[in-house]
Asks: 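One structure, pasted below without further comment.
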Amino acid sequence: MQTDSSSSDISSNNAGRARRRKRPTEATSDNNKANEPNLLVNDQNKYKSMLIRTYSSLWMMAGFVLVIYMGHLYIWAMVVVIQIFMARELFNLLMRVNEARRLPWFRLLNWHFFFTAMLFTYGRFLSHHLVNTVTTDKLLYKLVSALVKYQMLICYFLYIAGFVWFILTLKKKMYKYQFKQYAWTHMILLLVFAQSSFTVATIFEGIFWFLLPASLIAINDVAAYFFGFFFGRTPLIKLSPKKTWEGFIGASVATIFSAFLLARVMGSFKWLTCPRKDLSTGWLDCDPDPMFKPEYFSLGEWVPKWFPWKDVGILPVQWHALALGLFASIIAPFGGFFASGFKRAFNIKDFGDSIPGHGGITDRMDCQMVIAVFAYIYHQSFIATQNFSVETILDQILRNLTFEEQLTLYEQLGLIFHERQLAQG
C-alpha cells in the first residue's frame, strides 16, 4: 500500500512539473484577445457575410424599385406586408410553446387586435382618397361614405369584441402569462402603427417624400457598414459592439452629400413629386410645386472662363433634403441602437431570419420607422400649404351637403355678394 501511494505521489509530482506555467507575456496576450472589441475589421468571416449581405440587398433593391414604379397603392401594400412580418416577429418574442398549446386561440386574438388597429389607422389617413376613387358609382359611393363616417365606431366595437374575447379566455394559473401577452400586443401595435402609419400618409403627398428618407437610411446603413468594414477601429456604443466612430462619421458625410444629389434627381420626375388624391394606379401629371422648380445661381468669378457652365440650377427642395440627410445620419441610427438594446434584453441576435445576412424585417425597419415620423412632421410643418383651394371646397360641398343644403348655400352666397356690391356702390 505504501509503494502504491508513493508511486502515485511521484506521478503527480511529475505531472505537476510537466505542467508549465504561462509566462506573463502569454497571459497578457490572452487577456488582450479576450478584451479585444468585437469589431467588423477583426471578423474572420467578414467577406463571406458581406457577399451574402450584398446579394440579398440587391434583390431587395430590385423589388423596391419595381414597387416604386408601380405606384402609390402598391407602395402602401408593401408597407402593409412589412408591418405584418414585423408583427409576426415581435409576437414570437414572448410566445412560449407550452403555454401557446394550452391557449390555441390566443394567437388569433393577437391578429384580431392587429387588423383592428390597421383599419383604424389607415381609415383615418386614407378615407378621403377612398371616397375620391368611387365617385362614378352612386351606390358604392354611398356605401363607402357610410363606412368612412362610422369607421371609428366600427373599430371601437371590434376592439371591444377582442377585449371581451380576452377576458373569456383567461385560464387559471396562466393569468400572468396572458396579461403579459396582452400588454405586449398593445406595445407592438403602438410601435408598428404609431410610426409606420405616417409613412402611408407621406406616400400620398408624393412618393418623393417617402422615397428620399427611405433611400437616405439605406445609404447611411450601407456607408456605415463599408466604412466600418475597412476603417473601423474605435467602438461607438456598447449596445452595438460592431458599430464604430469611423463608420458613423463616414456614413454621416456620405448621407448628407447623397441627400443633396438625390433630391435633385428625384425632384425631376413628376411620378415622384405629384400628390395622389385617390387610390387609382394611373399615371400622374401635375404642375410641379415651386419646391421642384429650379432656381439658377450665377457662378460668376468662382469658375474660370473656359468652364462651360456659368450658372447652376438648384431645386429649393434640395435645401430641405439636407435637413433630412442630417436627421438620417445623426438621429435615425439611434433607432438601430434601441433595437440592439432590445435584442440584448431578450438575448437574441436578430428578430428573425427573413432576409439572409440582415436578419428579420424588423432589423431593417428600426431606423426607417424613426425617420418616417420625422419626414411626415417636417413635410406638414415646412412644405405642405395650409390654404384651401376652390376645387377642394367645391368637392367638400358636393360630397357632404344635400341638394337642398347646396341650394341654401347658393342663395346665402348670393345675398352676401349682393350686400357687398351695395356697400361698394
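Throughout, residue positions are numbered sequentially from 1 according to the sequence presented.
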Asks: For Y378 together with F327, are the ring centres under 6.0 Å from each other?
Replies: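 Centroid distance F327-Y378: not below 6.0 Å, so no.
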Asks: Report the distance from atom CD1 of I383 to atom CZ of F208, rounding to the nearest 0.5 Å.
Replies: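 It comes to 8.5 Å.
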Asks: Could you check, using the six-membered ring where one of them is a Trp, whether F157 and Y150 have ring centers closer than 6.0 angstrom?
Replies: no
Asks: For a side chain to side chain contact (heavy atoms under 4.5 Å, CB included) check, start with the C-alpha distance between K270 and F292, then their side-chain angles and the critical distance, and finish with the verdict.
Replies: CA-CA 9 Å; K270 291 184 178 180; F292 300 102; over 6 Å; no
Asks: Flag the pair D221 / R364 as yes when at least one side-chain heavy-atom distance between them is below 4.5 Å, and no otherwise.
Replies: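 Sidechains of R364 and D221: in contact.
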Asks: Tell me the closest heavy-atom pair linking L272 and I68, and the distance in Å.
Replies: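 Looks like CD2-CG2, 4.1 Å.
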Asks: Evaluate the criterion side chain to side chain contact (heavy atoms under 4.5 Å, CB included) for residue pair R276 and E205; output intermediate values, then yes/no.
Replies: CA-CA 7 Å; R276 172 73 73 180; E205 295 291 342; over 6 Å; no
Asks: Is a side-chain N or O of Q178 found less than 3.5 angstrom from the main chain of K171, in a donor-acceptor match?
Replies: yes
Asks: Between atom NZ of K243 and atom OG of S340, what is the distance when rounded to the nearest 0.5 Å?
Replies: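 If we round to the nearest 0.5 Å, K243:NZ and S340:OG are 5.0 Å apart.
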Asks: Using the ring centroid of each side chain, check whether Y122 and W76 are separated by less than 6.0 Å.
Replies: yes
Asks: For a quick test of reading the model, state the closest non-hydrogen atom pair linking F227 to E246 and the distance between them.
Replies: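 Minimum heavy-atom contact is CB-O, 3.9 Å.
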Asks: Are W105 and L108 side-chain neighbours, meaning at least one heavy-atom pair lies under 4.5 Å?
Replies: yes
Asks: Under 6.0 Å from the CZ atom of F91, do we count more than 12 heavy atoms belonging to anything else shown?
Replies: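 More than 12 heavy atoms, drawn from other residues, nucleotides or ligands, come within 6.0 Å of this atom.
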Asks: Are any side-chain N or O atoms of Q318 and backbone N or O atoms of F260, one a donor and one an acceptor, separated by less than 3.5 Å?
Replies: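 Confirmed, Q318 side chain pairs with F260 backbone.
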Asks: Please verify the inter-ring angle class for F113 with Y182; under 30° counts as parallel, over 60° as perpendicular, anything in between as tilted.
Replies: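 Ring orientation of F113 relative to Y182: perpendicular.
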Asks: Determine whether the aromatic ring centres of residues F337 and F334 are separated by less than 6.0 angstrom.
Replies: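 Ring centroids of F334 and F337 are less than 6.0 Å from each other.
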Asks: Test side chain to side chain contact (heavy atoms under 4.5 Å, CB included) on L262 and I219 and set out the steps.
Replies: CA-CA 11 Å; L262 278 178; I219 290 172; 3.5 Å; yes
Asks: Does atom NZ of K293 have more than 12 heavy-atom neighbours, drawn from other residues, nucleotides or ligands, at distances under 6.0 Å?
Replies: yes
Asks: Please check this pair: side chain of R264 against backbone of I314, looking for a donor-acceptor N/O pair closer than 3.5 Å.
Replies: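 No.
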Asks: With ring centroids as reference points, do F114 and F193 lie under 6.0 angstrom apart?
Replies: yes
Asks: Quick one: closest heavy-atom pair of G335 and C367, and the distance?
Replies: C-SG, 4.4 Å
Asks: Does the side chain of L322 reach to within under 4.5 Å of the side chain of I256, using non-hydrogen atoms?
Replies: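 Touching, per the 4.5 Å side-chain cut-off.
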Asks: With distance as the sole test, does D311 use its side chain to make a donor-acceptor pair with the main-chain N or O of L299 at under 3.5 Å?
Replies: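 Absent.
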Asks: Measuring centre to centre across the rings, with the benzene-like ring taken for any Trp, is Y159 within less than 6.0 Å of F120?
Replies: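 They do not qualify: ring centres at least 6.0 Å apart.
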Asks: Under 6.0 Å from the CE atom of M61, do we count more than 12 heavy atoms belonging to anything else shown?
Replies: no
Asks: Side chains of N110 and R88 only: does a donor on one sit below 3.5 Å from an acceptor on the other?
Replies: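 Checked: N110/R88 side chains show no N/O donor-acceptor pair below 3.5 Å.
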Asks: Using a strict cut-off of less than 4.0 Å between a Lys/Arg side-chain nitrogen and an Asp/Glu carboxylate oxygen, indicate whether K343 and D366 qualify as a salt bridge.
Replies: no
Asks: Do any N or O atoms from the side chain of H112 and from the backbone of L158 form a donor-acceptor pair under 3.5 angstrom?
Replies: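 Here the side-chain-to-backbone pair exists.
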Asks: Taking the side chain as C-beta and beyond, is there a heavy-atom pair between V312 and Y296 under 4.5 Å?
Replies: no
Asks: In this structure, is the centre-to-centre distance between the rings of H320 and W209 below 6.0 Å?
Replies: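 Judged by ring-centre distance (under 6.0 Å), W209 and H320 do not meet the cut-off.
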Asks: Ignoring hydrogens, what is the shortest heavy-atom contact between G360 and D350? Give both atom names and the distance.
Replies: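 For G360 and D350, the tightest heavy-atom pair comes out as N-CB, 4.4 Å.
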Asks: Drop me the distance from H186's NE2 to Q181's CD, to the nearest 0.5 angstrom.
Replies: 12.5 Å
Asks: Between the main-chain N or O of F166 and the side-chain N or O of T169, is there a donor-acceptor pair closer than 3.5 Å?
Replies: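 Yes, the answer is positive, given that a donor and an acceptor are paired below the 3.5 Å cut-off.
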Asks: Mind checking whether I361 and I82 have side chains closer than 4.5 Å, heavy atoms only?
Replies: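 SC-SC contact between I361 and I82 confirmed.
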Asks: Do M174 and L103 pass the side chain to side chain contact (heavy atoms under 4.5 Å, CB included) test, and can you show the C-alpha distance, the side-chain angles, and the key distance before you say yes or no?
Replies: CA-CA 9 Å; M174 298 191 68; L103 300 168; 3.5 Å; yes
Asks: Between F346 and F342, does the ring centroid distance fall short of 6.0 Å?
Replies: yes
Asks: Any side-chain heavy atom of M369 within less than 4.5 Å of one from M86?
Replies: yes
Asks: To the nearest 0.5 Å, how far apart are CD1 in I371 and OG in S215?
Replies: 10.0 Å
Asks: For atom CH2 of W271, decide whether the heavy atoms of other residues, nucleotides or ligands shown that lie under 6.0 angstrom number more than 12.
Replies: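 More than 12 heavy atoms, drawn from other residues, nucleotides or ligands, come within 6.0 Å of this atom.
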Asks: Calculate, to the nearest 0.5 Å, the distance between atoms CG and CD belonging to L90 and Q83 respectively.
Replies: 11.5 Å
Asks: Give me the atom names and distance for the closest heavy-atom approach of C274 to L284.
Replies: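 Closest approach of C274 to L284, heavy atoms only: O-CD1, 3.6 Å.
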Asks: Just how far is it from atom OG1 of T185 to atom CG of L109, taken to the nearest 0.5 Å?
Replies: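 Nearest 0.5 Å value for the OG1-CG distance: 7.0 Å.
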Asks: Any idea which heavy atoms bring N220 and S252 closest together, and the distance?
Replies: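 Closest approach of N220 to S252: ND2-N, 4.1 Å.
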Asks: Within a reach of under 6.0 Å around CZ of F115, are more than 12 heavy atoms found that belong to other residues, nucleotides or ligands?
Replies: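 Atom CZ in F115 is crowded, with more than 12 foreign heavy atoms closer than 6.0 Å.
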Asks: If we only count heavy atoms from C-beta on, is the F248 to P333 side-chain gap below 4.5 Å?
Replies: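 Yes - at least one pair of side-chain heavy atoms lies under 4.5 Å apart.
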Asks: Could you list all the ring pair (Phe, Tyr, Trp, His ring centres under 6.0 Å) pairs where at least one residue sits in residues 400-420, not counting sequence neighbours?
Replies: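 Found none.
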Asks: Is there a side-chain contact between L315 and M291 in this structure, where contact means two heavy atoms from C-beta onward sitting under 4.5 Å apart?
Replies: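 Side chain of L315 against side chain of M291, heavy atoms only: no contact under 4.5 Å found.
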